[in-house]
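This one's a predicted model, so the numbers in the text were calculated from it and none came from an experiment. All values below come from the heavy atoms of this structure, side chains included, with hydrogens, waters and symmetry mates left out.
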There are 2 protein chains.
Amino acid sequence: MAKTNERSQRGGHTGVSIEDVAAAAGVSTATVSRAVRGLPRVSPATREKILDVAASLGYVASSSASGLATGRTRTIGVLAPFVSRWFFSKAIEGADRELHSRKYNLSLFNLGGHGSNRERLFSSTMVYKQIDALLVLYMALSEDEQEHLHKLDIPLVVVGGHVENCPYIGINDYDAASTAVRHLLDLGHKDIALLHGDDETDLNFDVPRVRIRAFQEVMSDAGLEVRPEWDQWGDFTVASGQQAFTRLWNQPGRKPTAIFCSSDEMAMGVIFEAYRHGVRVPQDLSVIGIDDHDFSASLGLTTVGQRPDNQAELGTKMLLDELDGHHGAVRSQVAPHELIIRETTAPPCR
Amino acid sequence: MAKTNERSQRGGHTGVSIEDVAAAAGVSTATVSRAVRGLPRVSPATREKILDVAASLGYVASSSASGLATGRTRTIGVLAPFVSRWFFSKAIEGADRELHSRKYNLSLFNLGGHGSNRERLFSSTMVYKQIDALLVLYMALSEDEQEHLHKLDIPLVVVGGHVENCPYIGINDYDAASTAVRHLLDLGHKDIALLHGDDETDLNFDVPRVRIRAFQEVMSDAGLEVRPEWDQWGDFTVASGQQAFTRLWNQPGRKPTAIFCSSDEMAMGVIFEAYRHGVRVPQDLSVIGIDDHDFSASLGLTTVGQRPDNQAELGTKMLLDELDGHHGAVRSQVAPHELIIRETTAPPCR
DNA sequence: GTGAAAGCGCTAACAG
DNA sequence: CTGTTAGCGCTTTCAC
C-alpha cells in the first residue's frame with residue numbers, strides 16, 4: 001500500500017502498472033494479467049476485485065510491454081496510395097469499423113500515389129515488427145514492393161484489385177464495366193466514348209485494363225465500332241474527367257451520344273464540363289460511371305456501385321480471423337456490384 | 001556464431017534481434033543500439049561494420065521492445081469524426097506527410113460522427129500508452145471526452161476548430177465567412193440565403209455558429225435583411241445541400257439571388273439541385289462555399305479556400321517538436337484562408 | 001569508444 | 001485457482 005502511494009505520487013506520468021494493481025488488489029501480476037484479459041482460471045471474486053481496483057486506478061496495459069511479451073502488436077497496417085479519394089477513404093472507414101470492434105489499432109501508411117510517381121516507396125522495414133497483419137488498398141506495386149510484401153510473412157490481403165500471388169477482395173471489374181456499357185447499349189446508344197483510367201503506370205495495376213477490355217468486347221459483340229478518337233484517358237480524378245470531355249468536344253467530327261467512365265469521379269468531371277459547354281446530360285450525352293461515390297446520388301449519376309468499405313471490412317475480418325488461429329480465413333473473394341440507374345443516362349436523341 | 005545460426009534457423013519468423021546483429025558484428029548490443037540509431041560514441045569503423053551487418057541480416061528494431069525501454073511508441077494518434085469527408089481526409093494526409101518524414105507512425109481513430117450521434121465514444125483507454133501525442137481533428141467533443149483528453153497528459157493539438165482549453169489550429173471562421181458574404185454583397189446581391197452547418201450538436205462545436213454570426217453581422221452592417229425563411233440548415237454534406245435547396249425553392253414567395261453555404265460540399269448539393277430545377281448558376285443564383293474542396297475547381301465553384309492538410313501538417317509538426325523537447329512548440333495558430341472567385345457567383349440579374 | 005547489467009511492463013509456462 | 005519465475009528485445013546508466 002505504501003509502495004503504491006509512493007509510486008503514483010512521484011511516478012504520475014509513467015502511469016499505473018500491472019504491479020500497482022497487483023499490489024493494491026493483494027494478488028500477483030499474473031492473476032491481474034489473466035483477470036484484465038478475461039482469461040479463465042481466475043475466481044469470479046478475485047476477478048471482480050481486480051477489475052474494480054484496476055478501474056479505480058485507471059489501469060491500462062502498456063501495449064509495448066504486452067507486445068514485447070506476446071510478439072503481437074494488436075495493430076494492423078493499412079497501406080493506401082491516397083487517403084483523400086473516395087475508394088480509399090471509404091475502405092479505411094470499413095477497415096476501422098472491424099478493427100476497432102475487435103480492439104485492434106489501425107496504423108495508416110499513405111504512400112502518396114501509384115507506382116513510380118509515388119512519394120514514398122513501400123519497404124518492409126516501415127511496417128516490420130509493428131503490425132500483425134497488413135491490408136493493402138489497391139494500387140500499383142513495383143516488383144520490389146511486391147517482394148517486400150511477401151517477405152513480411154504476416155497475413156496479407158489486398159482490397160480493390162488484383163495483385164499477383166496475393167489473396168484479394170474486389171468487384172469483378174470485367175462484369176461491372178460490361179454492365180455499364182450494356183446499360184448504354186440497352187438504351188439504344190451506338191456512339192459511345194470511353195474514359196478509362198491510367199493503364200500505363202505499372203504492370204500489375206490491371207483494373208483500368210480490365211475495364212477497357214470489357215468495353216471493347218461488349219462493343220464489338222454488339223457489332224459496334226470503337227473509335228480510337230473517342231478513347232480518352234484519365235487518372236480517376238474529377239479534373240481528368242473534365243479535361244477528357246474538353247478534348248473530346250474540341251476535336252472535329254461527330255460526337256458520341258454516351259460516355260462510359262471508369263470511375264464516378266471522372267464522370268463528374270465530364271458532367272461539370274459538359275454543363276459549361278452547354279451540352280445537356282442526359283439529353284445530348286448520357287454519362288455512366290463506376291463506384292457510386294458519395295456525391296453520385298445527389299448528382300443523379302447513373303453508375304455501377306460498389307462498396308469499398310464493406311470490401312475492406314471483410315478483408316480485415318479475414319485478417320483478424322487468421323490471427324485468431326483460423327487458418328485459411330484469408331482468401332480471395334469477389335465483392336458485389338450493382339447497376340444504379342439515375343438521371344444521367346437516357347436513350348439517345350438522334 | 002553457432003548461437004546465431006541456431007537462432008535464425010529455428011527462430012525464423014521471430015525476426016533477427018539486436019543480439020544477432022551484435023554477435024555477427026562482434027560487438028555488444030549497446031553498441032549496435034547506438035550505431036543503428038545514429039547516436040554518437042561509436043567509432044566510424046564500427047558503425048559502418050554494424051550497419052553493414054544489420055543491413056545484410058535485415059535487422060529492424062522491435063518497436064515494442066524499444067517502446068517499452070524508452071516509454072515512447074513513436075506513433076501519434078489522429079482522432080477524427082469521419083475519414084471520408086474532405087476536410088478530414090485531407091488533414092490525415094497532411095499529418096501523415098509530417099509524421100512519416102520524421103519516422104513516426106500514424107494511428108487512426110475514427111469515431112464515426114459528431115457528438116452524441118457518434119458510433120464510438122472516445123475514451124482515454126483507447127489511446128492511453130499507445131501514442132506519444134494526439135492530433136484531434138475538429139469535432140464536437142462531449143464533456144466526458146474533453147476530460148479524457150486532458151487526462152491523457154500527452155501533447156495535444158486540435159485542428160480545424162476551437163476546443164475549450166486546447167491549443168488549436170484553424171482558419172478564422174468569422175473572417176472567412178465574412179469574406180464570402182462580402183463577396184456576394186460586392187457583387188450587388190441583397191437577397192442572400194444562408195446554408196449553415198449544424199449548430200445544435202454540441203456546446204463546443206462552434207464553427208457553424210461563428211459562421212452564422214458572421215453572416216448575420218455582415219448583412220446587418222450592410223443594412224440588409226436576414227430573412228428567417230432563407231436560413232437553412234445542413235450537416236456539411238452534399239445531400240444536405242441538395243435538400244436545403246429544395247426546401248428553399250419549394251416555399252412560396254421571393255427567392256434569394258445568392259446563397260452562402262458553410263461548406264463546399266453543401267454548395268455542391270445546392271448547385272446539383274438547382275440544375276435539376278432549371279435554376280441557372282450564377283445567372284439566377286450565385287453560390288459560394290467555404291473550403292475549396294478537391295472538386296470545386298472543376299465545378300467552377302467560388303469559395304473561400306482553406307488547406308486542412310497544411311493545418312494538420314503544422315499541428316503534427318508542433319506535436320513532434322514538443323516531443324523532441326522543444327517546450328512550448330504546441331500553440332494555437334490561425335491558418336490562412338483565401339477568396340477564390342470562380343464561376344458560380346455573378347452580379348444578380350434583377 | 002565500448003561493454004556489462006539492470007530494468008521497461010507484461011505474459012506464459014510451470015508449480016503448487 | 002493462484003503465484004513464481006523467466007524471459008520478450010531494446011535502451012541506458014555506469015564502469016572501463
I'd like to know if the side chain of A:S101 pairs up with that of A:R97 as donor and acceptor (distance under 3.5 Å, no hydrogens or angles considered). no
A:S33 vs C:dC10: side-chain N/O to OP1/OP2 distance below 4.0 Å: no
Select base, sugar-phosphate, or nothing to describe what A:V32 touches, counting heavy atoms under 4.0 Å on all strands. nothing
Between A:T29 and A:E19, a side-chain donor and acceptor under 3.5 Å: no
Could you tell me the separation between the OH atom of A:Y128 and the P atom of D:dG9, rounded to a whole number of Å? 11 Å
Salt bridge check: are B:D52 and B:R47 linked by an N-O gap of less than 4.0 Å? no
Quantify the bending of the helix from C:dG1-D:dC16 to C:dG16-D:dC1 as the angle between its end axes, each fitted on five pairs, to 10°. 30°
Indicate yes or no: does B:E98 engage B:K317 in a salt bridge with an N to O separation below 4.0 Å. no
Residue whose nearest DNA chain D nucleotide is more 5′ - A:G26 or B:S63: A:G26
Find the distance B:R72:CZ to D:dC10:C1' and express it as a whole number of Å. 16 Å
B:D144 bridged to B:K151 by N-O distance under 4.0 Å: no
Out of D:dT11, C:dG3, C:dG9, whichever nucleotide has its closest atom nearest the side chain of B:V27: C:dG3
Among C:dT11, D:dG3, D:dT11, which is the nearest nucleotide to the side chain of A:T29? C:dT11
Is there side-chain contact between B:L152 and B:Y128, with at least one heavy-atom pair below 4.5 Å? yes
What parts of residues 38-52 of chain B reach DNA chain C, counting only heavy atoms under 4.0 Å away? B:R41, B:V42, B:S43, B:T46
Would you please confirm or rule out a distance under 4.0 Å between OP1 or OP2 of C:dG3 and any side-chain N or O of B:S28? yes
Does B:T31 have a side-chain nitrogen or oxygen under 4.0 Å from the phosphate oxygens OP1 or OP2 of C:dG3? yes
When you measure from the centre of the six-membered ring of A:F82, is the NZ or CZ of A:R85 under 6.0 Å away and within 45° of the axis? yes
Rounded interatomic separation in angstrom, taking CG from A:L68 and P from C:dC10: 12 Å
For this output row, return yes or no: ring centroids of A:F109 and B:H100 closer than 6.0 angstrom. yes
How many Å lie between OH on A:Y59 and C1' on C:dT11, as a whole number? 10 Å
Nearest whole angstrom, please: distance from the P of D:dG9 to the CG of B:L57. 14 Å
Contact class for A:R37 vs. all strands (heavy atom < 4.0 Å): base, sugar-phosphate, or nothing? sugar-phosphate
Classify A:A30 by what it touches in the nucleic acid, base, sugar-phosphate, or nothing, heavy-atom distance under 4.0 Å. base
Taking only the side-chain nitrogens and oxygens of B:S17, find out if one of them lies under 4.0 Å from OP1 or OP2 of D:dG9. no
Integer-rounded Å distance: D:dT12 P and B:R34 CZ: 10 Å
Between the side chains of B:S64 and B:S62, does any donor sit under 3.5 Å from an acceptor? no
Taking CZ from B:R74 and P from D:dG9, how many angstroms apart are they, rounded to a whole number? 21 Å
Taking all non-hydrogen atoms of both residues into account, name the closest pair between A:L156 and A:V330 and its distance. O-CG1, 3.5 Å
